[in-house]
Every structure is written in C-alpha cells, then in structure tokens.
Colleague: 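Once you've had a glance at the structure underneath, I'll fire off some questions.
Source: prediction; values computed, not measured. Here, residue 1 is the first one in the sequence, and each next residue gets the next number.
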Amino acid sequence: MTTDTTTNSPVTVLGLGSMGSALAAALLKAGHPTTVWNRSPGKADDLVAAGAVRAASVTDAIKASPLVIACLLDYPVVEELLAPAADALTGRDLVNLTNGTPDQARALAARLDARGAWYVDGGIMAIPRLIGTPEGFILYSGSRETFDRARPALDRLGGAHYLGGDAGLASLYDLALLSAMYGMASGVRHAITMVGEERAAEFGSAYLAPWLQAMAAPIGQGAAEDEEASPLGMQAVGMSNIVEASRGEGVPNVLLSHLLIAMQDIVDAGHDDLLPPLIDQIRKAG
Ligand SMILES: NC(=O)c1ccc[n+]([C@@H]2O[C@H](COP(=O)([O-])OP(=O)(O)OC[C@H]3O[C@@H](n4cnc5c(N)ncnc54)[C@H](OP(=O)(O)O)[C@@H]3O)[C@@H](O)[C@H]2O)c1
C-alpha cells in the first residue's frame, strides 16, 4: 500500500465517531493528506498525531479538500452542519456515509445539486475494524462522476460497489441488508435462549455458526434443488415443532409464531414455494 502523500489527493472527513475515525485512519494510512473535523475536537487527537490536520470549523474542513466524506450520527446532523457551509461545498464532491433512508439521501442530493455540489450517498457494510480490509464493503449511488473521481480514495476504505445514479439506492440496499442481519440476529438469540446460556459458547461455535454459513451459501443462487429437497409442508411441520419445543423450554415465540402462521396459510393455499406468497403477504400486511 502506497504512503506517497504527493500523489494521493486530499480528503476531508467530517465526523470522528467510531466509524468516522476508522475511515480517516484508513485514508491517512494509505497516504491521503487528510483533514478532519469533529464536534468534540479531542477525538481528532490520535489522528492529528498520525499526520491529519484538524480543521477549526466545518467550512474550513470542506475548503481543505476537493473530496469531503461525511460520517455522522444521522441526516438531521448532516443537514445542520452543512447548511452554514453551503458556499464552500460548491464544486466539491461530497460522499455521505451516514446511515439514513432513501428519501433522505434523494432530498440531500437534490439540495446539493442546486448548490452546485456533487453528491454520492453510501452505505457502509462493515464495522470499524473491518474498514480498509477485504471483509468490509461499501455501497454507493448518486453522481457517477463523483464516484469515479473519488474512487482511488474510496478503494482505501473497502470494496467499493456503485449501484447507479439514484442517490437513494445505496441506502435502500444498506437497510435491506441490515434487516436481513437483524432477522438473523433475532433467530440466533432465540436459538441460544432455547438451548440455555450455559451451552451458548459451544453451541455457537460448534453448531450455530457452521449451520448458518451452510444455509447462507445458496442465497441468491436460485436453489431450486434445495427447495425440492425441503418441501414447504415439511418445513411448516418443523416450524410448528420449533414453536412447541420453545414453549416447552419457556421461550416465548414472539417472532417465529408469525412466520409459522404465514407458512401454514401458504401451505393451506396449496403453494409449494414459500418466498413469492410470503413477499405478497408482507406487502399486504403493510
Ligand atoms: N459503528 C459502526 O459499526 C457502523 C457501521 C456501519 C455504518 N455506521 C454508520 O456510520 C455513522 C456514524 O456512526 P458511528 O459509529 O461513528 O457513530 P458514533 O460513534 O455515535 O459517532 C457519531 C458522530 O456524529 C457526531 N454527532 C452527533 N450528533 C451531533 C451533532 N448534533 N452535531 C455535530 N456532530 C454530531 C458525533 O460527534 P461527537 O463525537 O462530538 O459526539 C460523532 O462524530 C452512522 O450513520 C452509522 O449508522 C456505523
């Protein structure tokens, strides 16, 4: 990895929470002249010791680099901080890695476009220690020109995936992926409650992790063969047994019983494929 600060373009990072600090550290490590700003200035101390420049204000931070990366708590904070610095943003590239909704991303993109700034929205699919490693990746959408110009710096942060010109797309994919993660996490918690905390460590490493990895592997590969080998009626019986056994262990089925009812309805209606009618039911429930 190069550390030549003469060829790497300057980057500003706004926000030095856990994630913003990791982003700034990765850029510094890769040799990008890095300017940082944070509401609580002390959080920049380690980065400044490693070579970053601490800006005294958001406007100074934006003026310091053609590429500005924002990683703040939420969109209201981003909007609040950028409003007084609007003039400084003109002609610059802003990559906003703050978590938000697709509509928030689109609204910010439109406001920045009106001010003559270029906007890319991003969804970070990593935790701070995975930034700059092959395990972490980031989804981007919005201005293609900005993405291309920023690409050398963005590549330092993890795998960079551009989804398209709609600024809301990265957020949509990000939140969909997070919903899958939280769904899995709640299933994991239910499973550990069933077997008991005292068995959790061995159960988790010996059985739960390998099982989830094996089950995740075919996702997105059109696993028709697996569906045939595991018919829906059989799965509904298994689900009913999970609910019954959980009840026997004193574990409430707050999440699973809804899925069981939906599966039973789908079996009763004569479907042999779970996903399309389930998606239909979810949309109707909304
Ligand atoms: N951490 C993760 O694992 C992770 C993973 C993926 C995505 N993200 C996303 O990355 C973004 C930042 O997360 P984080 O983990 O860095 O959060 P964090 O540690 O809580 O940091 C929040 C940042 O927002 C700033 N902030 C909050 N309210 C502010 C205000 N009113 N005015 C000015 N600055 C304000 C904080 O400044 P102070 O330091 O002054 O409080 C800090 O820089 C979030 O959108 C999060 O969803 C995080």
Colleague: Hey, does Met239 have a side-chain heavy atom less than 4.5 Å from the side chain of Gln264?
Modeller: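 Gln264 vs Met239: side chains apart.
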
Colleague: Could you work out, with side-chain hydrogen bond (donor to acceptor under 3.5 Å, both in side chains) as the rule, every residue matching Ser171, not counting sequence neighbours?
Modeller: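 Expected list: none.
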
Colleague: Do Ile138 and Met125 have side-chain heavy atoms sitting under 4.5 Å apart?
Modeller: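 With C-beta onward as the side chain, the pair stays apart.
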
Colleague: If you round to the nearest 0.5 Å, how far is OG of Ser240 from CD1 of Ile261?
Modeller: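 The CD1 atom of Ile261 sits 11.0 Å away from the OG atom of Ser240.
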
Colleague: Arg106 and salt bridge (charged side-chain N to carboxylate O under 4.0 Å, His left out): which partner among Asp113, Asp166, Asp121?
Modeller: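 Result: among Asp113, Asp166, Asp121, Asp166 is the only option passing the salt bridge (charged side-chain N to carboxylate O under 4.0 Å, His left out) with Arg106.
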
Colleague: Do Arg149 and Trp118 form a cation-pi contact, if we require the NZ or CZ to be under 6.0 Å from the six-membered ring centre and within 45 degrees of the ring's axis?
Modeller: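 That pair qualifies as a cation-pi contact.
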
Colleague: What closest approach, in Å, do Ala176 and Ser179 show between heavy atoms, and which atom pair accounts for it?
Modeller: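 Of all heavy-atom pairs spanning Ala176 and Ser179, the closest is O-OG, 2.8 Å.
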
Colleague: Has the side chain of Thr12 got a donor or acceptor atom that lies under 3.5 Å from a matching backbone atom of Val68?
Modeller: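 Between the backbone of Val68 and the side chain of Thr12 there is no qualifying donor-acceptor contact (under 3.5 Å).
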
Colleague: Hey, quick one: are Ile242 and Phe203 part of the same hydrophobic cluster, counting side-chain heavy atoms closer than 4.5 Å, chains of contacts allowed?
Modeller: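 Cluster IDs for Ile242 and Phe203 differ.
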
Colleague: Could you check if a side-chain atom of Ile124 sits within less than 4.5 angstrom of a side-chain atom of Met19, using non-hydrogen atoms only?
Modeller: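 Yes, side chains in contact.
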
Colleague: So, using side-chain hydrogen bond (donor to acceptor under 3.5 Å, both in side chains) as the criterion, who are the partners of Asp45 when residues are at least two apart?
Modeller: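 Asp45: side-chain hydrogen bond (donor to acceptor under 3.5 Å, both in side chains) contacts with Arg54.
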
Colleague: Does the pair Leu178 and Asn99 meet the rule for a side chain to side chain contact (heavy atoms under 4.5 Å, CB included), with working shown?
Modeller: CA-CA 11 Å; Leu178 288 178; Asn99 186 274; 3.8 Å; yes

Colleague: How close do Cys71 and Leu23 get, heavy atom to heavy atom, and via which atoms?
Modeller: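 In terms of heavy atoms, the two residues are closest at CB-CD1, 3.8 Å.
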
Colleague: Is it the case that the side chain of His32 and the backbone of Val11 share a donor-acceptor pair, with hydrogens and angles ignored and the cut-off at 3.5 Å?
Modeller: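 Not at all, since once roles are kept as given, no pair shorter than 3.5 Å links the two residues.
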
Colleague: Report whether Trp37 and Tyr75 are members of the same hydrophobic cluster (ILVMFWY, side-chain heavy atoms less than 4.5 Å apart, transitive linking).
Modeller: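 Yes, Trp37 and Tyr75 fall within the same hydrophobic cluster.
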
Colleague: Donor-acceptor pair, distance only, cut-off 3.5 Å: does the side chain of Ser40 make one with the backbone of Lys43?
Modeller: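 No: the side chain of Ser40 does not pair with the backbone of Lys43.
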
Colleague: To check you understand the geometry: which heavy-atom pair defines the closest contact between Tyr119 and Ala109, and what is its length?
Modeller: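 Taking Tyr119 first and Ala109 second, the nearest heavy atoms are CD2-CB, 3.5 Å.
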
Colleague: Would you say Ile62 and Val58 make side-chain contact, with heavy atoms under 4.5 Å?
Modeller: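 When only atoms from C-beta onward are counted, Val58 and Ile62 do touch, with a gap below 4.5 Å.
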
Colleague: Given the rule in the side chain to side chain contact (heavy atoms under 4.5 Å, CB included) test, do Thr146 and Leu94 qualify, once you have shown the distances and angles that lead to the verdict?
Modeller: CA-CA 8 Å; Thr146 290; Leu94 175 69; over 6 Å; no

Colleague: May I ask you to decide if Ala117's main-chain N or O and Thr90's side chain share a donor-acceptor pair within less than 3.5 Å?
Modeller: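 It does not hold such a pair.
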
Colleague: Within a strict 4.5 Å, meaning less than it, do heavy atoms of the Met194 and His190 side chains meet?
Modeller: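 They are in side-chain contact.
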
Colleague: Considering all heavy atoms of both residues, which atom of Thr101 and which atom of Leu175 are nearest to each other, and what is their separation?
Modeller: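 So the minimum-distance heavy-atom pair works out to CA-CD1, 4.1 Å.
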
Colleague: When you measure from the side chain of Ser186 to the backbone of Gly183, do you find a donor-acceptor pair of N or O atoms at a distance under 3.5 Å?
Modeller: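 Yes, the answer is positive, given that a donor and an acceptor are paired below the 3.5 Å cut-off.
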
Colleague: Compare all side-chain heavy atoms of Leu27 with those of Leu157 and state whether any distance is below 4.5 angstrom.
Modeller: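 Counting from C-beta outward, Leu27 and Leu157 do come under 4.5 Å.
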
Colleague: How far does CZ of Arg92 sit from CZ of Arg115, to the nearest 0.5 angstrom?
Modeller: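 Reported value, rounded in 0.5 Å steps: 14.0 Å.
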
Colleague: Side-chain contact test, heavy atoms from C-beta onward, threshold under 4.5 Å: evaluate it for Leu14 versus Leu82 and give yes or no.
Modeller: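 Contact flag for Leu14/Leu82 side chains = yes.
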
Colleague: Check the angle between the aromatic planes of His161 and Phe137 and answer parallel, tilted or perpendicular using the 30° and 60° thresholds.
Modeller: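 Judged by the thresholds at 30° and 60°, the geometry between His161 and Phe137 is perpendicular.
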
Colleague: Could you check Val95, Thr34, Val120, Asn96 and say which one makes a side-chain contact (heavy atoms from CB on, under 4.5 Å) with Ile69?
Modeller: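 Of Val95, Thr34, Val120, Asn96, side-chain contact (heavy atoms from CB on, under 4.5 Å) with Ile69 is met by Val95 alone.
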
Colleague: Might you confirm whether atom CD of Glu202 has over 12 heavy atoms from other residues, nucleotides or ligands at distances under 6.0 Å?
Modeller: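 Atom CD in Glu202 is not crowded, with 12 or fewer foreign heavy atoms closer than 6.0 Å.
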
Colleague: Under the 3.5 angstrom rule, does the side chain of Asn38 hit a backbone N or O of Pro41 as a donor-acceptor pair?
Modeller: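 No, the answer is negative, given that no donor and acceptor are paired below the 3.5 Å cut-off.
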
Colleague: Should Leu28 and Leu97 be regarded as members of a common hydrophobic cluster, given that ILVMFWY residues are connected when their side-chain heavy atoms come within less than 4.5 Å of each other, either directly or indirectly?
Modeller: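 Leu28 clusters together with Leu97.
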
Colleague: Give a yes or no answer on whether the side chain of Ser141 reaches the backbone of Gly165 with a donor-acceptor pair at less than 3.5 Å.
Modeller: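 No; zero donor-acceptor contacts below 3.5 Å.
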
Colleague: Is there a continuous path of hydrophobic side-chain contacts, each under 4.5 Å between heavy atoms, that joins Trp211 to Met184?
Modeller: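 Trp211 and Met184: one cluster.
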
Colleague: Would you say that more than 12 heavy atoms from the other residues, nucleotides or ligands in this model lie under 6.0 Å from the OH of Tyr173, or not?
Modeller: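 At most 12 heavy atoms, drawn from other residues, nucleotides or ligands, come within 6.0 Å of this atom.
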
Colleague: Can you check ring-ring contact (aromatic ring centres under 6.0 Å, His included) on Tyr162 and Tyr140, steps first, answer last?
Modeller: CA-CA 5 Å; Tyr162 180 76; Tyr140 299 96; 8.3 Å; no

Colleague: Does Asp46 CG have over 12 foreign heavy atoms under 6.0 Å away?
Modeller: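 No, because the 6.0 Å sphere around CG of Asp46 holds 12 heavy atoms or fewer from other groups.
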
Colleague: Identify the heavy atoms of Leu232 and His271 that sit nearest to each other, and give their distance.
Modeller: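 Residues Leu232 and His271, closest heavy atoms: CD2-O, 3.8 Å.
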
Colleague: Side chain to side chain contact (heavy atoms under 4.5 Å, CB included), that's the test. Do Lys63 and Thr59 meet it? Break it down for me.
Modeller: CA-CA 6 Å; Lys63 283 181 177 166; Thr59 303; 3.9 Å; yes

Colleague: Search all heavy atoms of Pro10 against all heavy atoms of Ala64 and return the closest pair with its distance.
Modeller: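 Shortest heavy-atom contact: CB-O, 4.2 Å.
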
Colleague: More than 12 heavy atoms of other residues, nucleotides or ligands under 6.0 Å from CD of Glu198: yes or no?
Modeller: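 Atom CD in Glu198 is crowded, with more than 12 foreign heavy atoms closer than 6.0 Å.
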
Colleague: Between atom CD of Glu145 and atom CG of Asp93, what is the distance when rounded to the nearest 0.5 Å?
Modeller: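 Between Glu145 CD and Asp93 CG, I get 9.0 Å after rounding to 0.5 Å.
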
Colleague: Once side-chain contact (heavy atoms from CB on, under 4.5 Å) is applied, do any residues pair with Pro152, and if so which ones, sequence neighbours excluded?
Modeller: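 If we apply the side-chain contact (heavy atoms from CB on, under 4.5 Å) test to Pro152, skipping adjacent residues, there are no hits.
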
Colleague: Could you go through the side chain to side chain contact (heavy atoms under 4.5 Å, CB included) check for Leu112 and Leu89 one step at a time?
Modeller: CA-CA 8 Å; Leu112 287 168; Leu89 275 170; 3.6 Å; yes

Colleague: Counting heavy atoms not belonging to Arg144, are there more than 12 under 6.0 Å from its CZ?
Modeller: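 Count over threshold, so yes.
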
Colleague: Kindly say whether Phe147 contributes a backbone atom to a donor-acceptor pair with the side chain of Arg151 at under 3.5 angstrom?
Modeller: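 No, because the side chain of Arg151 does not come within donor-acceptor range (under 3.5 Å) of the backbone of Phe147.
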
Colleague: For residues Met234 and Pro231, determine if any side-chain heavy atom of one lies less than 4.5 Å from a side-chain heavy atom of the other.
Modeller: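 Met234 vs Pro231: side chains touch.
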
Colleague: What distance separates Leu172 CG from Leu163 CG, expressed to the nearest 0.5 Å?
Modeller: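 The distance works out to 9.5 Å.
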
Colleague: Under 3.5 Å, is there a donor-acceptor pair between the side chain of Ser205 and the main chain of Ala201?
Modeller: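 Judged by distance alone, yes, a pair lies under 3.5 Å.
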
Colleague: Quick check: is Val195 connected to Val251 through a chain of hydrophobic side chains (ILVMFWY, heavy atoms under 4.5 Å apart)?
Modeller: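 As far as the 4.5 Å side-chain criterion goes, Val195 and Val251 are not connected within one cluster.
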
